[in-house]
Amino acid sequence: MQVFHHVASLRQALNTVRSTGKTIGFVPTMGNLHDAHIELINIARQHCDLVVVSIFVNRLQFSLNEDWDIYPRTMQQDMARLREANCNYLFHPDENEIYPNGMDEQTRVICPAMSDVLCGASRPGHFEGVTTVVAKLFNIVQPHKAVFGIKDFQQLALIRRMVEDLCIPLEIIPAPVHREADGLAMSSRNGYLTPQERTKAAVLNQVLNWARTQIKQGRRDFAALEQEATTKIEQTGFKVDYFSICHSSNLQPAACDDSAITLLGAMYTSRARLIDNVSLKL
Ligand code: PAF
């Protein structure tokens, strides 16, 4: 695995790759890699000749009261895992490399359509930070395909929309949610759970599945269903940020006759905010 810290040297290497006709798959990450990230890399490898992974903990997508300073940085472990997974190129820039003019003056990419709802409502500016850095990374790497986990459903929807709106010439490949044995979606933030919280954290997934079954069985009183689901989660001691039944492509509240529905939930633990989602077609 070759490691690059600078845009210029990565670009030079990738130009050579491109000139030989090989395809480039890209997996952007913030490090602290777990099995779900490795799965993204495996999927990129199935679709492309060469895999580039980036590790950059993007301060622009954290608000001031969030965990940017304590976000786990585990470079040595991450590099070992990437080598095992046959990652070809690792891009690990520092903040000056990505934001040479400073973050305040950085040109932003804003997707007004879906940035302010769901996670965006409780994390103002978060998705603007995500779409801005992902647009930059796409311009730096210029991959043929990029892989994103469905676990971050809203992020995936926004990135698809950004790619469409800005005519970025690449294909987005969605990767299934990778789960622990009890159904908890894998996340770097699961490391923040106390042992006691960990025993109950799968409730979010359980209740999402319960609500999906209710819809499959014919329920269409979505507002009442969201309320019941919220109560079920809160009975286990976690505070719910949102539990929403949405149209899958635009994340607007689902209508009774929608055929593609996604249920999304977010709940607070003592030190983390966990998210998950499930989809269904009617
Ligand atoms: O999903 C993530 O880890 C981040 O939001 C991403 C896409 C790497 C952008 O910083």
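Start at 1 and go down the list; that is how both ligands and their atoms are numbered. Predicted model, so just to flag it, every value in this text is computed and none were measured.
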Subset of ligand 1 atoms that lie under 4.0 Å from at least one heavy atom of T29: 8 (C)
Heavy-atom pair of closest approach, residues I70 and R271: CD1-NH2, 4.0 Å
For residues 152-160, tabulate all N or O donor-acceptor pairs below 3.5 Å that involve a side-chain atom, not counting sequence neighbours.
unit_1, atom_1, unit_2, atom_2, d
Q154, OE1, C119, N, 3.1
Q154, NE2, M114, O, 2.8
Q154, NE2, V117, O, 2.9

Neighbour count >12 (heavy atoms, 6.0 Å) for atom CZ, R273: yes
Q155 N/O to ligand 1 N/O under 3.5 Å: yes
Sequence neighbours excluded, every pair satisfying ring pair (Phe, Tyr, Trp, His ring centres under 6.0 Å) that has a member inside residues 79-129: F4-Y89, H5-H92
Closest approach of any protein heavy atom to atom 3 (O) of ligand 1, naming residue and atom: M30 CG, 3.7 Å
pair W68-N58: side-chain heavy atoms closer than 4.5 Å: no
Per-atom contacts of ligand 1 with Q61, taking only distances under 4.0 Å to non-hydrogen atoms: 4 (C), 5 (O), 9 (C), 10 (O)
Ligand-residue contact atoms, ligand 1 with V133, heavy atoms, under 4.0 Å: 9 (C), 10 (O)
Location of contacts on L137 toward ligand 1, heavy atoms closer than 4.0 Å: neither
